[in-house]
Q: 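Quick one: structure below, then a few questions.
In this text, all values refer to a predicted model and were calculated from it rather than measured experimentally.
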Amino acid sequence: MNLSFMSHPTALYVDAGIQASNYFNVGMFAVLIFDYFITLEAESQWVWHRKWTFVRFTFTVSRYLPFFGIGMTFIAALRTQYYPGESCVRFGQASNVLHIICILAAEGLLITRIYASWKSKRLLTFLLVFPVVCFVVSYILSDTTLFFDFTTPIPDPASCLLSGSRNNVFEYAALLLYELVLLCLMLYIRFSKYSNPIGPLQQTYFSDSLRYVMCIMAMSSVSIILTMVPPITWVSITDSPQVVIHSVLASRILFNLRASERRSQFHATLTDVSEMQFGRGRFSTLVFDV
């Protein structure tokens, strides 16, 4: 047996869907880098000099961990071959875990702001338990075989191909449901607790948070369609957009809130502008640094 022949790499399976998915994921990594540099000045102005709190830690995770998660997707997208005996299973699993942590961190910032707007322990418990239930259920369902999936498996013995599964639709559906619940909750808080005219800081919070939720819902809906409708090789095109949109929007909301907080000093006196929360229809300075 010729050992030199066995050491030769084998080309990965390629078609139009895989090429399009690879290009799109590489492009999303470029978008993430571009957005980072154009918002770096805002980050240095509104974040770097602040003390380390839960909010700043969560922001840092949602801001910087995507570079590792999407970076791994970027590496997988550029890969064209594998060697005999090689396996990329752990690499793919690590990439998926990083993607999930990035999304959870961005959602954690939103949960913190919603809790700060109401200060209810029951609400906080719900906001923490409900996404866990959604994630567990979607994870269990994703391990099942879809009865309407009749596609031929893609040849990928080393699991090095950047490809997805139609079972990802359960994860996108769970995220869509979660964002829908948050949307209804924020609308209820806005029109029940803050029925009176609100100031610029509150306006920034509600408008940006609603835009965030609606963008995530739109992206999740598109991901569901792209997961179920096109050929199976197109499914991985949805890998990076969710993480990038979560990271970009979460960062910009925080920057806008800090800028609005600074402007609000001309309208009200704040005892400590680095710590604030909602209270009785107005912002008060207490525990949460949103």
Q: So, taking the atom named CH2 in Trp48 and the one named OG1 in Thr60, what distance separates them when rounded to the nearest 0.5 Å?
A: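 One finds 11.0 Å between CH2 of Trp48 and OG1 of Thr60.
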Q: Is a donor on one side and an acceptor on the other found under 3.5 Å between the side chain of Asn25 and the backbone of Ala77?
A: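 A pair under 3.5 Å: no.
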Q: Transitively linked via ILVMFWY side-chain contacts under 4.5 Å: Ile225 with Phe170?
A: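 Result: no, two separate clusters.
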Q: Rounded at 0.5 Å granularity, tell me how far CZ in Phe37 sits from CG in Leu40.
A: 7.0 Å
Q: Salt bridge between Asp208 and Arg252, side-chain N to carboxylate O under 4.0 Å?
A: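 Result for this pair is no, no salt bridge flagged.
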Q: Are Phe57 and Thr53 packed together at the side-chain level, in the sense that at least one heavy-atom pair is separated by less than 4.5 angstrom?
A: no
Q: With side chains defined as the heavy atoms from C-beta onward, is the minimum distance between Phe130 and Leu177 less than 4.5 Å?
A: yes
Q: Indicate yes or no for a side-chain donor-acceptor contact from Thr58 to the backbone of Phe54 under 3.5 Å, with no hydrogens or angles considered.
A: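 The answer is yes, because a donor-acceptor pair under 3.5 Å joins these two groups.
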Q: Would you say the side-chain atoms of Ser220 and Gln242 include a donor-acceptor pair closer than 3.5 Å?
A: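 Yes, because at least one side-chain N or O of Ser220 sits under 3.5 Å from a partner of the opposite role on Gln242.
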Q: One pair to check against side-chain contact (heavy atoms from CB on, under 4.5 Å): Val235 and Leu226. What are the steps and the verdict?
A: CA-CA 6 Å; Val235 172; Leu226 292 177; over 6 Å; no
Q: Do Ile114 and Tyr205 pass the side-chain contact (heavy atoms from CB on, under 4.5 Å) test, and can you show the C-alpha distance, the side-chain angles, and the key distance before you say yes or no?
A: CA-CA 10 Å; Ile114 294 177; Tyr205 161 74; 3.8 Å; yes
Q: If you round to the nearest 0.5 Å, how far is CG of Leu104 from CD1 of Ile100?
A: 7.0 Å
Q: If I compare all heavy atoms of Leu127 with all of Tyr178, which pair ends up nearest, and what's the gap?
A: O-OH, 3.7 Å
Q: Measure from the side-chain N and O atoms of Ser260 to the backbone N and O of Leu257, and report whether any donor-acceptor pair falls under 3.5 Å.
A: no
Q: Given the side-chain rings of Phe59 and Tyr64, with only the six-membered ring counted for Trp, is the space between their centroids under 6.0 Å?
A: no
Q: Is there a side-chain contact (heavy atoms from CB on, under 4.5 Å) between Glu43 and Arg63 once you walk through the steps?
A: CA-CA 10 Å; Glu43 181 181 355; Arg63 174 79 162 169; 2.9 Å; yes
Q: If you group Ile, Leu, Val, Met, Phe, Trp and Tyr by side-chain heavy-atom gaps below 4.5 Å, do Ile38 and Val244 land in one group?
A: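 No, it is not one cluster - the side chains of Ile38 and Val244 are not joined through contacts under 4.5 Å.
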Q: How many angstroms lie between atom CD1 of Ile33 and atom CE of Met28, to the nearest 0.5 angstrom?
A: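 Those atoms lie 12.0 Å apart.
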Q: Where do Ser21 and Ser236 come nearest, in terms of heavy atoms and distance?
A: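 Shortest heavy-atom separation between Ser21 and Ser236 comes out as CB-OG, 3.1 Å.
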Q: Does the side chain of His246 come under 3.5 Å of the side chain of Glu107 through a donor N or O and an acceptor N or O?
A: yes
Q: Quick check: closest heavy atoms across Trp234 and Ala20, and the distance to 0.1 Å?
A: CZ3-CB, 3.5 Å
Q: Is the side chain of Thr125 donor-acceptor paired with the backbone N or O of Lys121 at a distance under 3.5 Å, no angle test?
A: yes
Q: Check whether the side chains of His49 and Ser44 place a donor and an acceptor atom closer than 3.5 Å, and report yes or no.
A: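 No.
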Q: For residues Thr73 and Val243, determine if any side-chain heavy atom of one lies less than 4.5 Å from a side-chain heavy atom of the other.
A: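 The answer is no, as the side chains (C-beta and beyond) never meet within the 4.5 Å cut-off.
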Q: What verdict does the side chain to side chain donor-acceptor pair (under 3.5 Å) test give for Arg90 and Ser95, after you've listed the backbone C-alpha separation in whole Å, the side-chain angles of each residue and the deciding distance to 0.1 Å?
A: CA-CA 8 Å; Arg90 291 187 177 181; Ser95 177; over 6 Å; no
Q: Under 3.5 Å, is there a donor-acceptor pair linking the side chains of Thr227 and Asn168?
A: no
Q: Is there side-chain contact between Val47 and Arg258, with at least one heavy-atom pair below 4.5 Å?
A: yes
Q: Should Leu175 and Glu171 count as side-chain neighbours, where that means a heavy-atom distance under 4.5 Å?
A: no
Q: Could you go through Val181 and Phe126, starting from their C-alpha distance and side-chain angles, then the distance that decides it, and tell me whether this counts as side-chain contact (heavy atoms from CB on, under 4.5 Å)?
A: CA-CA 11 Å; Val181 171; Phe126 171 77; 3.7 Å; yes
Q: Work out which heavy atom in Tyr212 is nearest to a heavy atom in Leu249; give both atom names and the distance.
A: CD1-CB, 3.5 Å
Q: What are the two closest non-hydrogen atoms of Arg166 and Val229, and how far apart are they?
A: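 Residues Arg166 and Val229, closest heavy atoms: NH1-N, 4.2 Å.
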Q: Using only atom types and a distance under 3.5 Å, with no angle test, would you say the side chain of His99 pairs donor to acceptor with the backbone of Gly69?
A: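 Yes, His99 side chain to Gly69 backbone: donor-acceptor pair under 3.5 Å.
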Q: Treating Asp35 as the side-chain partner and Val31 as the backbone partner, does any N or O pair qualify as donor plus acceptor under 3.5 Å?
A: no
Q: Using 0.5 Å steps for rounding, measure from the CD1 atom of Ile253 to the CG atom of Leu109.
A: 8.5 Å
Q: Working to the nearest 0.5 angstrom, can you tell me the gap between Thr233 OG1 and Asn22 CG?
A: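 Answer for the OG1-CG pair, Thr233 versus Asn22, is 10.5 Å.
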Q: What I'd like to find out is whether the side chain of Val61 reaches to under 4.5 Å of the side chain of Cys102, using heavy atoms alone.
A: no
Q: Of all heavy-atom pairs between Ser209 and Met186, which one has the smallest distance, and what is that distance?
A: CB-SD, 3.5 Å
Q: Quick one, Ser251 and Phe255 - any side-chain contact, counting heavy atoms below 4.5 Å?
A: yes
Q: Between the side chains of Ser223 and Thr238, does any donor sit under 3.5 Å from an acceptor?
A: no
Q: Determine the sole option in Phe74, Tyr23, Phe34 for which the ring pair (Phe, Tyr, Trp, His ring centres under 6.0 Å) test with Phe29 is passed.
A: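 Exactly one pass, corresponding to Phe74.
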Q: Are the side chains of Leu254 and Trp46 in touch, meaning some heavy atoms are under 4.5 Å apart?
A: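 When only atoms from C-beta onward are counted, Trp46 and Leu254 do not touch, as no gap falls below 4.5 Å.
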